[in-house]
Amino acid sequence: MVDWSKLSLNYTKTPYRFVSHYKNGAWDEGGLTQSADVVLSEASCVLQYAQTCFEGLKAFTSSKGNIVVFRPDMNAKRFSDTLKRLVMPDYPIDKFVDAVLKTVRATKDYVPPYGINAALYIRPFMIGTSPVINVIPSDEFEFRVFTTPLGSYFKSASSMKLLISDYDRAAPNGTGGVKAGLNYAMSFYPSASAKAKGYNECMYLDAKSRRYVEETGTANIIFVDKDGTLVVPSSPSILPSITRKSIIYIAREYLNIKVVERPVCCDELENFAECGLCGTAAVISPVGSVDSPSRHVEFKDSSSGRGPVLEKLYKTYTAIQKEEIPAPDGWLYKV
Ligand SMILES: *Cc1c(COP(=O)(O)O)cnc(C)c1O
């Protein structure tokens, strides 16, 4: 059926997805369907004005043979925050988690077996479906959850190379802190330009002063300083990554690693020994260097793979997800 050794980051259709509709001020019961197609008016708000948002999380086969979903309640909460910002109707946390678990259960044959560096990726999303021409929010919506098996994000032996972007990802009081589709369409051009120059991704700076590190288009950035402290850039326009939040907890509670969350100025990049990208897809991927037109910064300990601190965090984080070591209460939802 699925050749686990050949999994990529491409979409593979699985047989079931969850669908629910919002009409006349209320969500219907929702349920599983086999149809992967969405039929829309040409004037639907999602097509005209990008009223769409999403989430992303993973299910694994654990060392104990369970199928587990990692922290779906956290995605449900973040989804609620995003919905508010986009004037979309709330989708209750328990219903969100239930829809995720139902979809994973229905597509459990696509969860990669234990021991393979892969997962079942889960994509909940919502779109505004009403036809509009005036610039107003939709009053009808569709919520969907589909799954697709996903290989690992970072496969190459060497570390990633980032380019400090001349473009901005998020305005100071904009939508950078929520998972709105509109944040991603506009990132294609800077990302493609960086890739054309031989880089893996862009590093965005804060749009106001252009001095502080924000993130890449799809993952947060974390650093380790020369004393082994985990330094996590903070800014309201960085998307609050659940991976990042989990890594901070693991550093403090499992590994006794000091963590500092603060704005990180791009002038201090030379002080860091390790750099990594973190996110559901990236997990913790090593960054070897960051370039701008006037500077080249190398992270000595993560120039060829994760350095010692990020490797320890990665090992513990993935061991928790696979039930190889005990997870904090409430992190794993059994399907
Ligand atoms: C989703 C996302 C992340 C990672 O968040 P996780 O919850 O860890 O998957 C980071 N940055 C951006 C811009 C994102 O959209």
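We count ligands from 1, going down the list as the structure has it; atoms in each ligand are counted the same way.
Aromatic ring pairs are classed by plane angle as parallel below 30°, tilted from 30° to 60° and perpendicular above 60°; the pair Phe143 and Phe79 is tilted.
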Listed pairs under 3.5 Å, donor-acceptor, residues 58-67 side chains, sequence neighbours left out:
unit_1	atom_1	unit_2	atom_2	d
Lys58	NZ	Thr280	O	2.7
Thr61	OG1	Pro112	O	2.8
Ser62	OG	Lys64	N	3.1
Ser62	OG	Asn66	N	3.3
Ser62	OG	Glu323	OE1	2.7
Ser63	OG	Lys322	O	2.9
Ser63	OG	Glu323	O	2.9
Asn66	ND2	Glu323	OE1	2.8

Side-chain donor/acceptor pairs under 3.5 Å, residues 35-46, sequence neighbours excluded:
unit_1	atom_1	unit_2	atom_2	d
Ser35	OG	Asp37	N	3.3
Ser41	OG	Ala43	N	2.9
Ser44	OG	Ser41	O	3.1

Side chains of residues 113-126: which donor-acceptor partners sit under 3.5 Å, not counting sequence neighbours?
unit_1	atom_1	unit_2	atom_2	d
Tyr114	OH	Glu324	OE2	2.6
Tyr121	OH	Arg123	NH2	2.8
Arg123	NE	Glu55	O	2.9

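Note on Leu332: it does not cluster hydrophobically with Leu57, by side-chain heavy-atom contacts below 4.5 Å among ILVMFWY residues.
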Pairs of nitrogen or oxygen atoms, one from ligand 1 and one from the protein, closer than 3.5 Å: please tabulate them with distances.
unit_1	atom_1	unit_2	atom_2	d
ligand 1	7 (O)	Arg78	NH1	2.8
ligand 1	7 (O)	Arg78	NH2	3.1
ligand 1	7 (O)	Ile242	N	2.9
ligand 1	8 (O)	Ser241	OG	2.5
ligand 1	8 (O)	Ile242	N	3.3
ligand 1	8 (O)	Thr243	N	3.0
ligand 1	8 (O)	Thr243	OG1	2.6
ligand 1	9 (O)	Thr280	N	2.9
ligand 1	9 (O)	Thr280	OG1	2.6
ligand 1	11 (N)	Glu215	OE1	2.6
ligand 1	15 (O)	Lys179	NZ	2.7
ligand 1	15 (O)	Tyr184	OH	2.3

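Remark: aromatic rings of Tyr249 and Trp331 are close, center separation under 6.0 Å.
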